[in-house]
Every structure is written in C-alpha cells, then in structure tokens.
Amino acid sequence: MTLIPTLTETLSRARADLRIGLPVIIGSQLVAAVETLRPDRLETIRALGPAVLAITEPRARTLKVRVYDRDLARIEVPPDAGLAWLRAVADPAGDLMTPMKGPFRSPRDGQVDAHRAGIALAKSAQLLPAVLVVPVPEPPEGLTRLSPGPALAQMATEAVMAPVADARLPLLSAENSRLHIFRPDNGEAEHYAVEIGAPSRAKPVLTRLHSACFTGDVLGSLKCDCGPQLHAALTAMGQAGEGVLLYLNQEGRGIGLANKMRAYSLQNQGFDTVEANHRLGFEDDERDFRIGAGILRKMGFSSVRLMTNNPKKVAMLESHGISVAERVPLITPRNRHNTAYLDVKAAKSGHLL
Ligand SMILES: Nc1nc2c(ncn2[C@@H]2O[C@H](COP(=O)(O)OP(=O)(O)OP(=O)(O)O)[C@@H](O)[C@H]2O)c(=O)[nH]1
Ligand SMILES: [Zn+2]
C-alpha cells in the first residue's frame, strides 16, 4: 500500500485544517472557514485576489442575499471589509442588535463546486457554514489540496464503521450490559452501542437511536427531552432483559455543541429551534441517519422495534437495510422549559407527540 493519503484521509486532514484556522486548496480556489480565520491570515489571503464569502441558502434568506446557486450564495467581499464584517455575515448573534445592511453584491457566473465543498467541510468540522474563497491560479505550498467534485462525492458517501473495543458494563437500569465502541473510517466522531442482555439476531430487537445531548443527557437540562428519553429507553430495555441503545455522537442534531449553544442563544432572543438552526445557516437537522443503520448491520441486527417519535428515523432505517417491525413511542414529561420545544418538533419536524 502506498503512503500517499487517500481522498478520505485528505478530507479528514482538511477538516482539521479548517478547525485550526488554516485554509485549504479546493480545485483552484483557496478556502478558509470564517469562524477560525485570524486577522493576520486574512490580510495575507486578501492580498491574493478578489474574495467572495460563500454562505448557505438558509443564512442567505435571513440576510436577504440573492441565491443564484441553489443551496448556497456568494457575496463579494467589499475591499474595506475586515474580519468583523465577515463574522457578522457568518454569525447571526448580532442580527437583531446590529443588522447587516446590504446591498450585497452576488456574482452569478462561474463554478461553485469549490465553494460547496468548502461549506460541506466547514459543516463537518462543526464550524459555522461560511467560507472565504479566493481564486489562486498558483496555490501556495504546504496547504491541503482537494478536487471539488471527488471531495463532494466522497463526503456524501456512507462512512464505514469498525468495531474497536467492547466490554461488560453493568448499569443501574440493566446489570447485564456491554458497551461497544465503533470508529468511522473518515476521522469523524466515534459512536457507541449499549447492548443489553443477549438479544437474538433472528428477531426484531428493542432499539433506540439516541443522538448525543450533553446538556440533556449529562447536565439534566430542562430545555429538551433527551435525558429523560435516554433513561426511559435504558429502563425499558432493562425491564425487557434485552435491547440495543446506540449513542450517536451527533450533538445538536449534528451541528455540534458550540453551534447548539449559538442556537440556544438565538432561542433566548425568541427564535424557535428550527428558526435558530436556519439563521445559523444549517438545515433543521444535519444528522447523518445512515450511521445508526450501519452500526446495527455491523452488530448483526436486521430488524428492530424502534423507540422513537421521529418518523424520519423509521424511514431512514428502512431505506438502509434495517426493517422496523414496530415503532415504540417514547413520551417523556413536559415542563415549562421544554413544552414550546416539543410543540415545534411536532409542528415543524413531523414528530408524533
Ligand atoms: N440544533 C439543536 N439541537 C438540539 C436542540 N435541542 C436538542 N437538540 C439535539 O437534538 C437531538 C435530539 O435527538 P433525539 O432525541 O435522538 O432525536 P429526535 O429527532 O428528537 O427523535 P426521537 O427519537 O423521537 O427522540 C440531540 O442531538 C440534541 O442535542 C436545539 O434546540 N437545537
Ligand atoms: Zn437534548
């Protein structure tokens, strides 16, 4: 085997580069994440040529920027615009106090694959989806290089999950349990499976796909239903004597904890959970639901009784080789902090509550 990095490995490097504030080269464009860009580097980048800022369609809608490229919009960066201007376009925190005023000039022509790949990389690095893009006919040495088309195609493929380690882990809710760790081949977060009892692989297994919620699962936040859902699922599996709970590290419906806190801050300004995601430039739900199906298949399960109120989880499993024999509702108590959130999930996200 050659020592030259594969595309998957190069993408993983590029993601790390953006997180630490290094630009990457995509095709013939230099691409930098606005969130991690430092002032001295911005100056060097601006000296290379005319820059555009690429943002997603939901962020563009908030800023009333014209969208000519379907899922993304480009804004010409004015000559006198500095880091504060770029950050104000990228980050909605100041939208209400100091609204961004146009007119924004949006180019219509040219290729946008590099911009699109840059935004996808920023999202997978759990950064704000806004990237500065400058054409570089002669790319500087030392930066990670990608081709836009193959990069986009590779990012859209399903990660391969490898079992890494597992051990017995007696739980309060189920003494006879094992924790399994799965590692994806794309350098992204590891995911966990709690196997309770010794469920048969030949019949539907009681299953929960739980997305990480540090605030709810660990801190006992009252703003969402995650903590109570996690414990209710484990308790039900303990009582049944068997089950599988997948703990998927897709915090904040896939946007990461930092962005989730940005979303909470917008919710404190009066926006609901879906509007907050959109103002930040994300879709309502950025989770890759294939991960859960992949882990279940790896564990030898092909049929589940799924504990969820989210019909999309059912549909996703069905379309990725896991049949859902039954949907088991998972209703937890309301309180004055989570009731509006639960109503929005029902009204806008199709949850059956
Ligand atoms: N972006 C964002 N994420 C949130 C917010 N509140 C909770 N979350 C995240 O939402 C996810 C909830 O995941 P789940 O409970 O597995 O999924 P679900 O889609 O609600 O479906 P159920 O199976 O019915 O619970 C977790 O990743 C939480 O961190 C919010 O206001 N904004
Ligand atoms: Zn939560």
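Order of appearance sets the numbers: ligands from 1, and atoms from 1 within every ligand.
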Quiz item: Of the protein's non-hydrogen atoms, which lies at the shortest distance from atom 12 (C) of ligand 1, and what is that distance?
Solution: C226 SG, 3.9 Å
Practice problem: Please could you name the atoms of ligand 1 that Q250 approaches to less than 4.0 Å, counting only its heavy atoms? | Solution: 27 (O)
Quiz item: So among D95, D71, D91, which one has a salt bridge (Lys or Arg N to Asp or Glu O under 4.0 Å) with R59?
Solution: D95
Quiz item: Closest non-hydrogen protein atom to atom 5 (C) of ligand 1, residue and atom name please, with distance?
Solution: R253 NH1, 3.8 Å
Quiz item: Do E9 and S12 get their side chains close enough for a donor-acceptor pair, meaning under 3.5 Å?
Solution: no
Quiz prompt | Residue pair N249 / Y192, side-chain donor-acceptor N/O under 3.5 Å | solution = yes
Quiz prompt | D225, any N or O under 3.5 Å of ligand 1 N or O | solution = no
Quiz item: Is there a donor-acceptor contact under 3.5 Å from the side chain of N335 to the main chain of L222?
Solution: yes
Quiz item: When clusters are formed by joining ILVMFWY residues with side-chain heavy atoms under 4.5 Å apart, either directly or through shared neighbours, do L83 and L22 land in the same one?
Solution: yes
Practice problem: Check the side chains of E195 and H180 for a donor-acceptor pair under 3.5 angstrom, ignoring hydrogens and angles. | Solution: yes
Self-check item: Protein heavy atom at shortest distance from atom 24 (O) of ligand 1
Solution: N309 N, 2.8 Å
Exercise. Just to the nearest 10 degrees, tell me the angle at the Zn ion (ligand 2) spanned by C213 SG and C224 SG.
Key: 120°
Practice problem: Distance to 0.1 Å, residue and atom name: give those for the protein heavy atom nearest to atom 32 (N) of ligand 1. | Solution: T273 OG1, 3.4 Å
Self-check item: Mode of Y264 contact toward ligand 1 - side chain, backbone, both, neither (heavy atoms, under 4.0 Å)
Solution: side chain
Practice problem: Can you figure out which of K313, R287, K345 has its heavy atom closest to atom 19 (O) of ligand 1? | Solution: R287
Quiz prompt | Taking atom 8 (N) of ligand 1 as the reference point, the nearest protein heavy atom with its distance | solution = Y341 OH, 3.8 Å
Quiz item: Do any nitrogen or oxygen atoms of G252 lie less than 3.5 angstrom from nitrogen or oxygen atoms of ligand 1?
Solution: yes
Practice problem: Mark up the atoms of ligand 1 that fall under 4.0 Å of a heavy atom belonging to R208, in ascending order. | Solution: 14 (P), 15 (O), 16 (O), 22 (P), 23 (O), 25 (O)
Quiz item: Are K223 and Y264 in a cation-pi setup, meaning NZ or CZ lies under 6.0 angstrom from the ring centre and within 45 degrees of the ring axis?
Solution: yes
Quiz prompt | Contact with ligand 1 for I255, non-hydrogen, under 4.0 angstrom | solution = yes
Quiz item: Does the side chain of T215 come under 3.5 Å of the side chain of K260 through a donor N or O and an acceptor N or O?
Solution: yes
Quiz item: Any idea which atoms of ligand 1 are less than 4.0 Å away from a heavy-atom of E251?
Solution: 27 (O), 29 (O)
Quiz item: Does one hydrophobic cluster hold both F282 and L127, with members joined at side-chain heavy-atom distances below 4.5 Å?
Solution: no
Self-check item: Atom indices of ligand 1 within 4.0 angstrom of K260 heavy atoms, with elements
Solution: 3 (N), 4 (C), 29 (O)
Quiz item: When rounded to the nearest 0.5 angstrom, what is the spacing between CE in M316 and CG in D288?
Solution: 9.0 Å
Quiz item: Counting heavy atoms only, which part of L209 comes closer than 4.0 Å to ligand 1: side chain, backbone, both or neither?
Solution: backbone
Quiz item: Under a 4.5 Å side-chain heavy-atom rule over Ile, Leu, Val, Met, Phe, Trp and Tyr, are V24 and L86 clustered together?
Solution: no
Quiz item: Which atoms of ligand 1 sit under 4.0 Å from any heavy atom of S211?
Solution: 13 (O), 16 (O), 26 (C), 27 (O)
Self-check item: Shortest reach to atom 22 (P) of ligand 1 by a heavy atom, considering only T308, L352, D272
Solution: T308
Quiz item: Who's closest to atom 28 (C) of ligand 1 heavy-atom-wise, of C224, A276, A212, G216?
Solution: A212
Quiz item: Are side-chain N/O atoms of T339 and R334 paired as donor and acceptor at under 3.5 Å?
Solution: yes
Quiz item: With backbone taken as N, CA, C and O and side chain as the heavy atoms from C-beta onward, which portion of H351 lies under 4.0 Å from ligand 1: side chain, backbone, both, or neither?
Solution: side chain
Quiz prompt | pair R279-R262: side-chain heavy atoms closer than 4.5 Å | solution = no
Practice problem: Would you mind telling me if ligand 1 is within reach of the side chain of N259, the backbone, both or neither, using heavy atoms under 4.0 Å? | Solution: neither
